[in-house]
Amino acid sequence: MTTAAPSGSGSGGSHYTVALTGDVIMNTRVSTCRDPEVVEVLELLRTADVTHAHLEIPLHDFGADDVFPAAEGALSWMRGPSQVAEELVRCGVDLVSTASNHALDYSYGGLRHTIAALDRVGLPHAGTGRDLAEAREPAFLDAAPARVALVSATSSFPAFGAAGATRTDMRGRPGVSPMRYVHVVDPAAAERIAALAGALGLWVLRQADQLAVHPPGLHNSLTRFRIDPAAAVPTTACDPDDLAGYLGSLRSARSVADFVIAHLHVQAWDGADGRMSSTPAFARELAHRAVAAGASVVLLQGSHAPLRGVEVYDGVPVIHDPGPLFRLGRREVQPQEFYERWGNPAGVRSFDATLLDAYSARDRTWAAAEDRLVLHPSEGVSHRPGAVLPVCEVDARSHRVTRLDLYPITWSTARAATTGFPTRPGAAGTAAVLARLVELSAPYGVVPCVDAGYARIDVPSPQLSPGP
C-alpha cells in the first residue's frame with residue numbers, strides 16, 4: 001500500500017507539520033516493536049515536527065498510600081505504568097492533553113503520580129492540575145518551527161473529578177478542567193422531567209428558566225436543564241462559566257504562541273440524532289467559539305464511535321473525533337465495583353468471579369448493541385471500521401493550517417504482545433475507513449480527497465471557508 005509521509009520541514013522550510021492523536025491507552029511497551037505495520041504508524045508520529053497525544057489514562061505503579069480505585073469509574077478502571085511517559089517520548093510525542101473521564105480512575109493520588117511522571121520526562125501537559133487554575137492553564141512547547149500551545153478540557157467526568165478553584169480562604173481541589181453542559185428543553189418537556197424526577201424521589205429545583213435534578217443529599221451532583229420556549233427538540237449548551245474559563249485560557253495562549261491546539265474530550269452524542277457518531281450541540285458550540293478565540297485547530301475526541309467527521313470553520317479545521325490511537329494492550333486488575341457492575345456467569349458470586357469472567361460479561365453486553373441490550377446510543381460502542389491519524393500542514397509564516405492529511409489506522413490482533421497497537425489497515429480496511437470519513441464529513445460541507453491510502457483536506461483561508 002502506498003502511503004504519503006508527513007512533509008515536516010523544521011524551522012527552515014515554508015511549512016511545518018503537527019500530528020494529533022485521539023485516545024492513547026497504553027500499558028505495555030511499544031517503542032521496541034518491529035512489526036512493519038506498527039512501525040509505519042509510529043513513524044508518522046516521529047517525523048512530524050510537533051506531535052500531540054491525548055493521554056486517556058492515569059500513570060502510576062500501585063503501592064503508594066494515595067493510589068486506590070475511585071468509587072466511580074467508566075467501562076473499566078484504567079491505568080498505565082509510570083514508564084509510559086518515557087514511551088510517549090520514544091514514540092515522538094511532544095505535548096500531552098490529560099483531561100478525560102479516566103483521569104481520576106485512581107483518585108487524586110493517581111492524578112498526582114501522572115503529573116509527576118509527565119514532568120519527570122519533560123512532557124508539557126494540559127487539562128488536569130492541582131486546582132482549577134492549573135487544570136485550565138495552557139501547556140507550551142517551544143519547538144524549532146513555532147511555539148505551540150495546548151488547552152484541554154473534558155465534558156465527561158465523575159462529579160468529584162472536576163478541579164476546584166482556589167480562594168483566599170480555601171485551597172482548591174485537584175482534578176480535570178471541566179466543560180459541563182446543560183440540557184435545553186421547552187417548557188412542556190421541563191414539566192415532564194420535573195414530574196418524573198419527583199415521582200422517582202429525586203430533588204427538583206426550579207429557578208427562573210433553570211431546572212436542576214439531583215439525588216437527595218447530593219446537592220452538587222446535578223443534572224441541569226435550561227428552559228427555552230424556542231427549543232423545538234431537546235439540545236445541549238456549554239456551561240457559561242466553564243466555557244468562559246476555557247476561552248480565557250485560549251486567548252491567553254494565543255497572545256504568546258504561534259499555534260494553538262484547542263482540545264475537548266467528549267463522550268456525549270447528539271440526542272436528537274441518537275448516534276454515537278454525531279457530535280452534540282454543546283461541543284459544536286465550543287469548537288466554533290474556540291476558533292473565534294484564536295484556536296489554530298480544534299480537536300474533539302473520545303466518543304468511541306470511533307470516528308466522527310471533519311469540519312472547516314472560518315478557515316480552521318475542526319476534527320470532531322479521529323478515533324483512538326492506542327487501545328488497551330493488557331487487561332489489568334479491577335476493583336470490586338467492576339465485577340458488580342458487569343455481572344458474571346450464573347451462580348458465580350462477584351467475589352468469586354475471575355477477571356476473565358467480568359471482562360467477558362462486559363464485552364458481551366457491548367458487543368450485543370445490535371440486539372438492543374444497549375438502548376442508547378443506537379450504535380453502541382463500536383470500533384468499526386477504524387480510526388484516522390490527522391497530520392496538519394502549517395504555513396511557517398502565517399502559522400495557519402493549509403492542509404490536513406488523515407491516515408487510516410486499525411489495531412493489531414496479530415499476536416498477544418501487540419494487541420491494541422495502531423497499525424495501517426490493508427486495502428479493504430483503508431477503503432472502509434476513508435469511506436466512513438467522507439460520509440461523516442459531508443454534513444459539514446467538507447469533501448476529503450482520497451488518494452494513495454490516505455485522505456487530504458485542503459483548508460481554505462477564512463474568507464473562502466464555507467463556515468458552519
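Residues: numbered from 1 along the sequence shown. Small disclaimer: the values here were computed from a predicted structure and weren't measured.
- In this structure, CG on L55 lies 6.0 Å from CG on L118, to the nearest 0.5 angstrom.
- With contacts defined as side-chain heavy-atom distances shorter than 4.5 Å, the pair V446/I457 qualifies.
- The closest side-chain heavy-atom distance from D242 to R136 is below 4.5 Å.
- A salt bridge between D258 and R147 is absent, with no side-chain N of the basic residue lying under 4.0 Å from a carboxylate O of the acidic one.
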Apply side-chain contact (heavy atoms from CB on, under 4.5 Å) to the pair V459 and T402, showing each step before the final yes or no.
CA-CA 5 Å; V459 181; T402 57; 5.6 Å; no
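- L307 CG to L434 CG: the interatomic distance, rounded to the nearest 0.5 Å, is 9.5 Å.
- Taking 4.5 Å as the limit, some side-chain heavy atom of L123 sits within range of a side-chain heavy atom of L88.
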H304 vs W269, test: side-chain contact (heavy atoms from CB on, under 4.5 Å). Steps then yes/no.
CA-CA 10 Å; H304 297 293; W269 60 91; over 6 Å; no
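- Y108 and F160 have perpendicular rings, their planes meeting at more than 60° on a 0 to 90° scale where under 30° would count as parallel.
- Each of V388, V41, D23 was compared with L325 under the side chain to side chain contact (heavy atoms under 4.5 Å, CB included) criterion, and only V41 meets it.
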Could you check R341 against E337 for salt bridge (Lys or Arg N to Asp or Glu O under 4.0 Å), going step by step and ending with a plain yes or no?
CA-CA 6 Å; R341 170 66 178 86; E337 288 82 2; over 6 Å; no
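- Closest approach of F338 and S76 over heavy atoms only: CE1-CB, 3.7 Å.
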Tell me, with the steps shown, if H320 and Y444 meet ring pair (Phe, Tyr, Trp, His ring centres under 6.0 Å).
CA-CA 11 Å; H320 283 257; Y444 302 110; 4.3 Å; yes
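- Taking all atoms of both residues into account, the shortest heavy-atom contact from S296 to R254 is OG-NH1, 3.4 Å.
- A side-chain donor-acceptor contact under 3.5 Å links H399 and Y16.
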Identify every side-chain donor-acceptor pair in residues 213-235 under 3.5 Å, counting partners at least two apart or on other chains, and give the distances.
from	atom 1	to	atom 2	distance (Å)
H214	ND1	L218	O	3.3
R224	NH1	D239	OD2	2.9
R224	NH2	D239	OD2	3.0
D228	OD1	A230	N	2.9

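- Side chain to side chain, T166 and D131 meet the donor-acceptor criterion of an N or O pair below 3.5 Å.
- Looking at S156, its side chain does come within 3.5 Å of a backbone N or O of Q267 through a donor-acceptor pair.
- Between L404 and I319, some side-chain heavy-atom pair lies under the 4.5 Å cut-off.
- Of all heavy-atom pairs spanning P138 and S249, the tightest one is CG-O, 3.6 Å.
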Could you go step by step and tell me if D458 and R403 meet the salt bridge (Lys or Arg N to Asp or Glu O under 4.0 Å) rule?
CA-CA 4 Å; D458 294 313; R403 194 175 96 180; 5.0 Å; no
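- Atom OG1 of T279 sits about 9.0 Å away from atom CG of L440, to the nearest 0.5 Å.
- Expressed to the nearest 0.5 Å, how far OG1 of T98 lies from CD1 of I57 amounts to 12.0 Å.
- Side chain of D270 to main chain of A272: a donor-acceptor pair is present (N/O by atom type, distance under 3.5 Å, no hydrogens or angles).
- Using a 4.5 Å heavy-atom threshold, the side chains of E311 and S441 count as separate.
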Under the criterion side-chain contact (heavy atoms from CB on, under 4.5 Å), I'd like the reasoning laid out for D66 against H113: C-alpha separation, chi angles, the key distance, then a yes or no.
CA-CA 9 Å; D66 59 350; H113 284 265; 3.5 Å; yes
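- A donor-acceptor pair is defined here as one N or O able to donate and one able to accept, closer than 3.5 Å; such a pair exists between the side chain of D321 and the backbone of G302.
- Between the side chains of H125 and D119, at least one donor N or O lies within less than 3.5 Å of an accepting N or O.
- Counting all heavy atoms, side chain and backbone alike, P408 lies closest to T430 at CG-CG2, 3.9 Å.
- Between the side chain of R79 and the backbone N or O of H60 there is at least one donor-acceptor pair closer than 3.5 Å.
- Under the side chain to side chain contact (heavy atoms under 4.5 Å, CB included) rule, P322 has a single partner from L299, L406, L300, T21, which is L299.
- In terms of modelled atom types and a separation under 3.5 Å, the side chain of T51 and the main chain of L45 share a donor-acceptor contact.
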As a quick check of understanding, evaluate salt bridge (Lys or Arg N to Asp or Glu O under 4.0 Å) for R330 and E332, giving each step before the final call.
CA-CA 6 Å; R330 183 181 63 238; E332 298 194 344; 3.4 Å; yes
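- Electrostatic pairing of R400 and D395 does not count as a salt bridge here, judged by no charged N lying under 4.0 Å from a carboxylate O.
- Under a 3.5 Å cut-off, the side chain of T154 and the backbone N or O of H265 do form a donor-acceptor pair.
- Interatomic distance, H263 NE2 to Y246 OH, rounded to the nearest 0.5 Å: 8.0 Å.
- Y407 places a side-chain heavy atom less than 4.5 Å from the side chain of V391.
- Residues A262 and L250 share a closest heavy-atom pair of CB-CD2, 3.9 Å.
- The backbone N or O of G386 sits nowhere less than 3.5 Å from a side-chain atom of T410 that would complete a donor-acceptor pair.
- A salt bridge is absent between R192 and D186: the closest approach of a Lys/Arg side-chain nitrogen to an acidic carboxylate oxygen does not fall below 4.0 angstrom.
- The number of heavy atoms from other shown groups lying within 6.0 Å of CZ (R171) does not exceed 12.
- Atom CG of D169 sits in a crowded spot, with more than 12 heavy atoms from other residues, nucleotides or ligands closer than 6.0 Å.
- At a threshold of 4.5 Å between non-hydrogen side-chain atoms, the residues V312 and P460 count as touching.
- Legend: residues meeting salt bridge (Lys or Arg N to Asp or Glu O under 4.0 Å) with E137, ordered by chain and number and at least two apart, are absent.
- R173 places a side-chain N or O within 3.5 Å of a backbone atom of A162 that can act as its donor or acceptor partner.
- Minimum heavy-atom separation, V176 to S100: CG1-O, 3.8 Å.
- Note that CG of L95 and NE2 of H54 are 12.5 Å apart. Values are rounded to the nearest 0.5 Å.
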Residues L205, Q210; criterion side-chain contact (heavy atoms from CB on, under 4.5 Å); working and verdict:
CA-CA 8 Å; L205 294 173; Q210 303 292 319; over 6 Å; no
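- Relative orientation of the Y181 and F282 rings is parallel, given thresholds of 30° and 60° on the angle between their planes.
- When atom types are taken as modelled, the side chain of W77 and the backbone of P335 share no donor-acceptor pair closer than 3.5 angstrom.
- Proximity of a side-chain donor or acceptor of S107 to a complementary backbone N or O of F68 within less than 3.5 Å is detected.
- By the 4.5 Å heavy-atom criterion applied to side chains, V182 and T236 are not counted as neighbours.
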